[in-house]
Amino acid sequence: MTTLVTLASPEDLTRVQRELQRRGLWTQPVFNPEGAPEGLSISQHSNHSVRDDLLAIEGVRSVLMPNSSHRLLDGLAHQPYLLPCIGRPDLPMGGGTPPILAAGPCAAESPEQVHASAALVQSAGGVMLRGGAFKPRTSPYAFSGHGKAALGWLRDAASDHGLALVSEVLGQEHVDAVANAVDILQIGSRNMQNFALLRTVGSARKAVMLKRGAAATLDEWRQSAEHLLVGGAPVVIFCERGIRGSDPETRNTLDLAGLALLKHVDGYLVFSDPSHGAGRRELISHLAKASLAAGADGLLLETHPHAETALSDGPQALDGDALRAIGRHMGLNVQNDVATEPTPHPGALA
Ligand code: PEP
Ligand code: MN
């Protein structure tokens with residue numbers, strides 16, 4: 001979908017085109033059937049443009065903006081967001097604020113494991129804990145989370161360590177319970193187009209982190225965000241977590257071009273989840289840095305105090321040292337005096 005700028009007269013073509021190009025806009029002249037220039041189309045891949053700014057250019061007669069299929073989302077473009085938080089001061093995001101580190105285990109496995117994970121996150125300068133209470137698993141026989149009990153462990157650990165909390169909601173019947181515990185509701189990749197769930201999650205009127213479906217186009221992703229906003233969500237944070245590629249050696253293909261487009265062209269809040277994007281812990285730090293270079297407003301990373309015993313996604317879980325190295329790269333307030341030996345296994349505590 002392109003924006004069309006019409007000219008006051010054909011002689012205005014060069015001046016208007018130069019001005020649009022100066023603003024970083026990609027243009028293409030449009031001619032009438034007689035061959036006279038009558039306007040310029042602005043590519044959808046250009047920078048974001050505001051209708052009134054275009055109208056103010058000398059030589060511009062009118063501006064026809066495309067009928068957007070996600071007008072609520074458009075209204076959030078290039079806007080910073082102050083995330084209301086339960087257990088810590090509210091958290092600014094986007095709009096030039098430094099990127100955020102959110103991390104935690106794939107699944108909340110026990111109160112001890114969640115608390116140890118939150119301590120790792122805090123030691124790395126992270127400001128948000130992640131962790132699944134309700135886990136979508138490909139195999140029906142795999143560990144699928146401790147449900148509502150785990151929400152309580154996550155909430156306590158987040159508040160004890162001064163962290164915000166994000167956790168996935170899998171079904172409409174759990175929206176209230178998850179919304180009461182978290183600061184951000186996560187919609188997982190597998191549910192990106194579960195439109196009934198999106199509407200109900202929106203009605204909780206809390207920030208939503210929307211993971212990208214494994215085969216979703218960017219526009220399908222935007223439209224899912226619009227479902228959340230129509231439902232009542234105040235903001236949607238996109239989270240790129242990799243799309244289905246052609247090679248299983250990396251679990252998914254982290255789409256940094258898509259991330260950069262949503263961030264820099266559309267102007268939305270975008271996080272990157274290189275943990276699910278790569279599936280291998282030795283790749284995570286490289287992809288985390290690449291994501292930040294591409295413009296990510298935050299990182300969502302998996303970490304585990306004992307990855308070798310993790311009930312899900314152990315191979316992609318970072319240990320404390322690796323997480324703190326990323327925190328240092330981000331210029332965060334990293335605790336340098338943390339012992340390098342692993343936290344005692346929860347089973348050995350009692
Ligand atoms: C997760 O964050 O643990 C998760 C299940 O991610 P995704 O929905 O991206 O697979
Ligand atoms: Mn996971």
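As the structure lists them, so they are numbered: ligands from 1, and atoms in each ligand from 1. Bear in mind that the values here come from a model prediction, so they are computed numbers and not experimental data.
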Taking atom 1 (C) of ligand 1 as the reference point, the nearest protein heavy atom with its distance: H276 CE1, 3.3 Å
Side-chain H-bond candidate by donor/acceptor type, T14 with R18, under 3.5 Å: no
Contact atoms of ligand 1, heavy-atom distance to G188 under 4.0 Å: 8 (O)
Taking atom 8 (O) of ligand 1 as the reference point, the nearest protein heavy atom with its distance: S189 N, 2.7 Å
Sidechain-backbone polar pair: H276 side chain, S189 backbone, donor-acceptor under 3.5 Å: no
Subset of ligand 1 atoms that lie under 4.0 Å from at least one heavy atom of E302: 3 (O)
Non-hydrogen atom of E168 closer than 4.0 Å to ligand 1: yes
Aromatic plane relationship, Y268 with F238 - under 30° parallel, 30 to 60° tilted, over 60° perpendicular: parallel
Nearest-neighbour protein heavy atom for atom 7 (P) of ligand 1, which is reported as residue plus atom name and distance: K211 NZ, 3.5 Å
Atom 2 (O) of ligand 1: nearest protein contact (heavy atom, Å): R130 NH1, 2.7 Å
Distance-only side-chain donor-acceptor flag, Q122 / H161, under 3.5 Å: yes
Pair N336, R328: side-chain N/O donor-acceptor within cut-off below 3.5 Å: yes
